2 protein chains.
Amino acid sequence: MTPRRDPRPAAERGHSGGGARHGGAPGGTLTGSIEDYLKAIYALEELTDLPATTSDIAERLDIAPPSVSGMLRRLATRKLIRHERYRGVSLTPAGRKAALKTLRRHRVIEAYLASVLGFSWDTVHAEAERLEHAASDELIDRMAAALGDPATDPHGAPIPTRDGTLVIVPTQLLAEQAVGTSARVASVGDEDGELLRYVGSLAIRPGAVVKVVSRAPFDGPLTLEVSGSGAKAGRTHVVGSTVARAVKVDKPR
Amino acid sequence: MTPRRDPRPAAERGHSGGGARHGGAPGGTLTGSIEDYLKAIYALEELTDLPATTSDIAERLDIAPPSVSGMLRRLATRKLIRHERYRGVSLTPAGRKAALKTLRRHRVIEAYLASVLGFSWDTVHAEAERLEHAASDELIDRMAAALGDPATDPHGAPIPTRDGTLVIVPTQLLAEQAVGTSARVASVGDEDGELLRYVGSLAIRPGAVVKVVSRAPFDGPLTLEVSGSGAKAGRTHVVGSTVARAVKVDKPR
DNA sequence: CATCGTAATTAGGTGAACCTAACTTTTGCA
DNA sequence: TGCAAAAGTTAGGTTCACCTAATTACGATG
Ligand SMILES: [Mn+2]
Ligand SMILES: [Mn+2]
Ligand SMILES: [Mn+2]
Ligand SMILES: [Mn+2]
């Protein structure tokens, strides 16, 4: 009569989801896939202040749109998102909380790998993308503590605190920075390792100061001066719009 | 005509298997489940020098025997084990290699967590059990290097080298040690956290020297003297056969 | 050497997370 | 305002890794 074994879905048990932590979080344990969807939705909402669309999520996660539709239904059932059919999704408080928790894990891991284990800033993201689903809360806390609870990750992105608070510093894209002005680099997008290696070779990293010398029309290339230490510092460089949209600078005021 | 996307099974892609590393290992990437099966088979073969049986594997992994049968068929198809129907399984060279690789990962992670991040020896196993499937080779190498390529994990178990060599020190179970003799503790089984906490409280850990004072018949309790530093050291203790079978001591010669 | 208990396998599910092909809804634009 | 393209969903698969119930093989014993 009584089932012999753990009747939970496979993904929530030992393996296959990666999401099996220990503490019984309200609403049940989240799989690794779910954590990545929530992170993606969070990032898209943040970016546009609008509901995230199916195709944006699909593109970001490199998953076919119908697969996303299916997952969104599951996320809605679990009350992690609100889904208006054909319109898009937004995170519920529970979903946002879970997204920020995963984001904290991701960024703490990145910071630890870079600071303590000597990983380069273009390799930490891929590693963190997997470890974020396998590390316990305990491990994340210990890594953060070992670094003195860092405020940002190696790419300059703010690290959510243990209680789910994310400090939002006003920034704008380097692509939007006025010609002739200087600004401090706040962060660089961490998804594309090649881009990070290139940007790093130009001494563009969080804290560096960049001056926009000129901007070609029609989303054209940007001429920059990077002031900072290093061999290439102080020289001018021409970067394309992809790079200019991957770099965030402090907003002037 | 051409398939739009990655046609690999879901478990080998982004998530769901945990086994998706980066380097294209020969024979295809292994899922986290497969890695755990191979580790279990390796341990059972090591223990008895006989083919591992379905029910032993099932018990060790807490999985129903029919599920194990199914997985064994898949492992045999992938040439990781040899399977004689109704008889048992043994690892092929490829399977053994994979098992040792996972074992190395597991033990390096345990050692790192204990030495660098201050985890206690009774908590590292659970953490390593998940991280072993998500960490890259690079990460394992860096953790091992940070510790000066340790020879053993916190429980005294030898760590396989990068090239898959495992140093086998002749040991016997504390349960088999002759009455009246002393021996150095080589290792303690790491699966049961509660047991580790208890054993640790008796100052029984790798390197400690234990003397068997007496042994009650019929698999009965053992009276021990633990010599070493610590408050409880030098006192006698009585431990049951479960503990006596979890502790390995150097073999006399 | 027949039999019976145990071990192993087969048969037939399930849910998660993906896919392509086909269909429906929304929307941008002539 | 009508209509085609784009976006989103539904329909119908697949694989993985688990499950229970039923069946088959093995091997110990009388
Ligand atoms: Mn991830
Ligand atoms: Mn980052
Ligand atoms: Mn494991
Ligand atoms: Mn261990």
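Keep in mind it's a predicted model, so treat the numbers as computed, not measured. Chain letters run A, B, ... following the sequence lines, proteins first and then strands; every chain starts at 1.
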Side-chain N,O (B/Ser33) to OP1/OP2 (D/dC16) below 4.0 Å: no
Side chain of B/Ser55 - closest among C/dA8, C/dT10, D/dT9: C/dA8
Sugar-phosphate only, base, or nothing, as touched by B/Ser69 at under 4.0 Å among non-hydrogen atoms: base
Under 3.5 Å: donor-acceptor pair, side chain of B/Arg107, backbone of B/Pro158: yes
A/Arg85 vs D/dT10: side-chain N/O to OP1/OP2 distance below 4.0 Å: yes
Separation of atom CD1 in B/Ile63 from atom P in C/dA8, rounded to whole Å: 15 Å
Nucleotide D/dA6, atom C1' - distance to CZ of A/Arg87 in whole Å: 14 Å
Spacing between B/Asp62 atom CG and D/dC18 atom C1', to the nearest angstrom: 12 Å
Selected nucleotide, minimal atom distance to B/Ala64 side chain, candidates C/dA17, C/dT20, D/dC19: D/dC19
Note, B/His125 side chain near B/Glu110 side chain (heavy atom, < 4.5 Å): yes
Distance test, side-chain N/O of B/Tyr37 to OP1/OP2 of D/dC16, below 4.0 Å: no
Length of the NE2-P vector between B/His133 and D/dA17, whole Å: 12 Å
Flag side-chain contact, heavy atom, 4.5 Å: A/Asp36 against A/Glu129: yes
Listed nucleotide nearest any side-chain atom of B/Met71, set D/dA17, D/dG8, C/dA17: D/dA17
Whole angstrom value for the distance that separates P of D/dT9 from CG of A/Leu75: 12 Å
Electrostatic pair B/Glu138:B/Arg142 at N-O distance under 4.0 angstrom: yes
OP1 or OP2 of D/dT9 under 4.0 Å from side-chain N/O of A/His83: yes
Beyond-backbone contact of A/Leu117 with B/Tyr112, side-chain heavy atoms, under 4.5 angstrom: yes
B/Pro66 side chain, from C-beta outward: closest of D/dC16, D/dT9, C/dT10: C/dT10
Spacing of A/Arg73 atom CZ relative to C/dA16 atom P, expressed in whole Å: 11 Å
Touch class at under 4.0 angstrom, heavy-atom based, for A/Ser67 against every strand present: base
d(CG, A/Asp36; P, C/dA16) in whole Å: 17 Å
OP1 or OP2 of C/dT9 under 4.0 Å from side-chain N/O of B/Thr54: yes
Rounded distance (Å) that lies between atom P of D/dA7 and atom CD1 of A/Ile57: 14 Å
